Amino acid sequence: MEKNKALRALVVAPTPTWPLNYGNRKRIYSVCSKLQSLGFEIHYVHYASEGDWRDYIPVETRKKMDEQWDLVDHVWPSKPLHDWPKEGDDHHIDEWWDWALENHLSKIFASREYDVCIVNYTWLSKALEFAQEKTYKVLDTHDKFSGRRELLANQGIGKEFFHTTEDQEVLALDRADLVWAIKEEEEADFKNMGTKAKVSTLLHIDDRREASTPNFENGVTFGFIGANNNINRVNILRFMERATPIFKTYCAPLTVEIAGSICNEIEVGDNPFFKTVGYVNSINQFYDEIHAAIIPMEFSTGLKIKVAEALSQTKPMFSHKHAMEGFTSCHDFHEFKSFEEMALAMTDCSYASDELVYLLDASAKSHKVTEQKIWDELSELKEDILKRKQVFVLLPKEYGEKNKVAHYVAQAKVDLCNWNFKDASYFVIGKPSEGRSHPSFIRFVEEIDLEKIIKDQRPNTVLNLSENFPDIEVEPNTLVISLVPIISDKVESKLTYKSYNSVLDKLYFPSLGHIHLDLEATKQNIEECWIIGSSNSPFSHQFISLLAGSTKVRNIEIVSLKDIDNLFTVSSGLPKIIVNTKSDCELSYSEQIMLEIAEKYDVEIRNITHSQLLYLKRSNEKGNYEKQFFPSWENFLQNNFSQSSQNF
């Protein structure tokens with residue numbers, strides 16, 4: 001169902017957003033939920049590559065994700081997951097790409113238009129190639145994958161997960177308009193690689209929560225929680241090795257609780273200072289039961305979600321300097337240069353716990369600074385998207401119905417807009433009619449929603465291709481161009497109106513342009529003479545009789561484009577001649593369209609208001625009709641977009 005939100009985002013990720021028990025899930029959930037609050041509709045495409053989705057379908061998780069986002073699709077892999085490199089030491093950037101995801105995305109982009117496509121992880125960056133040209137393409141890297149194998153090898157760890165080379169990673173980065181590094185250090189690395197994309201940093205932080213604090217009856221309890229991977233394992237084992245002698249020397253009254261799946265790889269034995277508690281059902285409960293968090297990470301890749309988590313829980317935090325990369329340090333204990341320094345500080349605080357109060361305040365300050373940086377970056381993304389959307393086009397509800405004149409009039413202008421503005425947005429007032437398909441680029445909105453969208457996105461120009469302009473407020477600095485006069489107190493700009501016979505004005509534009517009307521009525525002429533206006537005067541009656549000869553004379557009344565549709569239905573063809581009895585300023589918009597149709601299909605047109613009473617042809621003869629069309633539009637753009645509002 002159409003939500004009528006201002007902007008649409010398609011998010012592609014290899015992980016679900018529930019349960020929020022891993023750092024990457026929290027990161028993606030945070031980005032999407034913040035975008036929702038900025039007015040984005042979220043369509044989440046989940047490539048189900050993680051372990052808890054491989055052997056069964058977690059029904060409750062699917063229900064929860066359906067509640068989180070506006071639309072959710074799950075794509076199941078069609079190939080083995082997370083293979084080792086097939087050639088050489090490192091992966092090619094698209095080595096894990098799956099045709100099942102390609103097939104799914106191709107269908108999505110063929111049926112719906114999106115303002116932004118956000119792809120998570122460089123190894124899924126090929127997804128950006130299927131987005132429409134006008135879609136703003138964002139790659140959220142999460143991590144730097146070039147040099148990853150070498151980094152792990154230097155720490156005595158074998159290769160794991162995805163790793164690639166710089167030239168392959170640049171291929172992924174170049175697919176995006178915007179690349180998000182997860183910390184400033186990786187932003188600099190990506191820029192040094194020479195990518196053509198814009199690169200900036202999008203940090204991560206969870207919503208702030210003030211965790212409770214247990215009593216100190218059993219000393220100070222520190223906590224570390226982590227997933228089961230080699231980087232976590234090596235770091236925590238090294239910390240235990242270096243910290244235990246220090247804790248013993250000073251008989252520190254403290255305990256370090258280790259939680260999470262990392263416990264599957266950690267043996268503490270009879271070490272009195274370390275305790276494994278295994279998997280915890282509630283992150284909040286874990287933080288409620290410790291006095292302070294520790295982040296003993298002297299090497300790793302990406303941003304330390306553990307830091308973000310501790311700051312979000314507003315817990316006192318002891319962190320290695322490396323782990324703090326990307327975050328703002330607000331206390332010396334946030335940036336220890338060694339595990340030994342960290343262990344000594346923990347020992348001091350176990351005897352003088354008052355220091356934890358200052359650390360708690362430092363965590364709150366660091367959280368605030370980080371959160372503001374995130375909002376600034378996401379707001380800038382929205383501004384970048386809005387800058388690309390300078391033109392709003394209001395289409396008639398008949399658009400797409402190829403038996404309606406209104407469709408062809410609008411189609412001519414849609415082609416012009418696509419010619420000049422690849423990022424124009426198209427709207428129809430009301431709900432889509434049932435029983436027929438609609439072009440994917442159209443958004444159906446109610447008047448009140450359109451008014452809000454215009455106010456939010458502030459387009460430079462609104463083109464009205466409908467006979468009825470909605471009764472909505474338009475920003476004073478927005479240029480309004482309309483096919484028909486707009487009668488509304490809410491539109492401050494005064495609109496001038498070009499009539500059919502203003503053809504001598506160099507700024508006149510044919511309403512039909514190069515569009516061919518696929519109507520039965522345009523395929524044949526009938527033995528009739530149609531009269532536009534009144535033929536009651538003796539002079540006009542005599543003149544019409546002379547022109548009509550033996551053909552049937554019919555007075556036609558055209559108030560709207562629907563009247564032309566009805567006229568064609570009744571007559572099943574165009575007349576041999578049309579006589580116009582009205583002056584230029586008296587012709588209605590729909591009467592002008594009727595005359596343009598007649599001219600386009602070589603119907604003879606006479607105008608009795610002109611003194612010459614001659615066969616009326618425009619200054620651009622039939623043979624030059626289409627050749628003159630686009631240059632005229634370009635002339636209009638050049639001369640009028642900086643001027644006050646006017647019709648065309």
Side-chain angles (χ1 to χ4, degrees), residues 18-23 25-26 204-228 232-233 235-237 239-240 243-244 246-247 250-297 304-320 323 327 331 333-334 336 339 342-343 345-364 366-367:
W18 188 265
L20 296 173
N21 52 356
Y22 292 106
R25 299 182 181 188
K26 291 182 178 182
H204 171 73
I205 204 79
D206 296 325
D207 292 337
R208 185 182 169 193
R209 169 184 178 266
E210 293 197 24
S212 59
T213 302
N215 59 49
F216 292 92
E217 290 180 1
N218 298 315
V220 176
T221 302
F222 296 89
F224 172 84
I225 185 168
N228 184 12
N232 284 341
R233 179 181 60 82
N235 274 292
I236 193 66
L237 287 176
F239 177 73
M240 289 173 60
T244 299
I246 295 172
F247 295 158
Y250 296 99
C251 299
L254 61 81
T255 302
V256 178
E257 291 190 353
I258 304 172
S261 57
I262 185 63
C263 294
N264 297 334
E265 298 293 329
I266 299 296
E267 290 289 340
V268 298
D270 58 358
N271 190 318
F273 303 103
F274 291 87
K275 174 184 176 183
T276 56
V277 297
Y279 184 85
V280 293
N281 292 321
S282 170
I283 296 293
N284 290 346
Q285 183 180 350
F286 171 75
Y287 279 98
D288 284 340
E289 293 176 353
I290 64 174
H291 295 102
I294 63 168
I295 318 294
M297 306 287 289
K304 302 298 129 338
I305 301 298
K306 301 171 188 63
V307 173
E309 195 172 75
L311 296 178
S312 299
Q313 294 281 346
T314 325
K315 275 291 174 180
M317 185 179 69
F318 296 70
S319 173
H320 191 280
F327 297 96
H331 195 286
F333 288 4
H334 287 172
F336 291 112
F339 287 161
M342 185 184 296
M346 291 166 65
T347 300
D348 288 342
C349 285
S350 69
Y351 284 107
S353 59
D354 289 348
E355 185 65 27
L356 297 180
V357 176
Y358 300 104
L359 271 172
L360 187 148
D361 184 57
S363 292
S366 184
H367 182 280

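Keep in mind that this is a model prediction, so the values were computed, not measured.
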Main-chain N/O of S212 paired with K315 side-chain donor or acceptor, under 3.5 Å: yes
Side-chain heavy atoms of M317 within contact of V307, under 4.5 Å: yes
Test log, rule side chain to side chain contact (heavy atoms under 4.5 Å, CB included), inputs S363 and H334: CA-CA 9 Å; S363 292; H334 287 172; 4.2 Å; yes
Nearest-0.5 Å distance, CG of residue N235 to CE of residue M297: 4.5 Å
Atom pair CG (L254) and SG (C349), whose distance is rounded to the nearest 0.5 Å: 10.0 Å
Point-to-point distance, once rounded to the nearest 0.5 Å, from CE of M342 to CZ of F239: 6.0 Å
Y351 atom OH, over 12 foreign heavy atoms within 6.0 Å: yes
Spacing of CD belonging to Q313 relative to CG belonging to D288, to within rounding of 0.5 Å: 7.0 Å
Inter-residue atom distance T213.OG1 - L360.CG, 0.5 Å rounding: 6.5 Å
Main-chain N/O of A308 paired with S312 side-chain donor or acceptor, under 3.5 Å: yes
Considering all heavy atoms, the nearest D206-K26 contact: OD2-CD, 3.7 Å
Side chain to side chain donor-acceptor pair (under 3.5 Å) against N232, all qualifying residues, sequence neighbours excluded: K306
pair I283-I225: side-chain heavy atoms closer than 4.5 Å: yes
Intermediate values then yes/no, side chain to side chain contact (heavy atoms under 4.5 Å, CB included), T221 and E289: CA-CA 8 Å; T221 302; E289 293 176 353; over 6 Å; no
K304 side, atom NZ; F327 side, atom CZ - distance, nearest 0.5 Å: 8.5 Å
Worked verdict on F336 versus F333 for ring pair (Phe, Tyr, Trp, His ring centres under 6.0 Å): CA-CA 6 Å; F336 291 112; F333 288 4; 5.2 Å; yes
Taking every non-hydrogen atom, the tightest pair across L359 and P316: CB-CB, 3.6 Å
Would you give me the side-chain donor-acceptor pairs under 3.5 Å for residues 262-281, sequence neighbours excluded?
{"unit_1": "N264", "atom_1": "ND2", "unit_2": "S261", "atom_2": "O", "d": "3.3"}
{"unit_1": "N271", "atom_1": "OD1", "unit_2": "F273", "atom_2": "N", "d": "2.9"}
{"unit_1": "N271", "atom_1": "ND2", "unit_2": "T244", "atom_2": "OG1", "d": "3.0"}

Nearest non-hydrogen partners of A310 and Y287, listed with the distance: N-OH, 3.9 Å
Side-chain donor or acceptor of T314 paired with backbone N/O of R209 under 3.5 Å: yes
Where at least one partner belongs to residues 208-227, residue pairs that pass ring-ring contact (aromatic ring centres under 6.0 Å, His included), sequence neighbours excluded: F216-H291, F222-F318
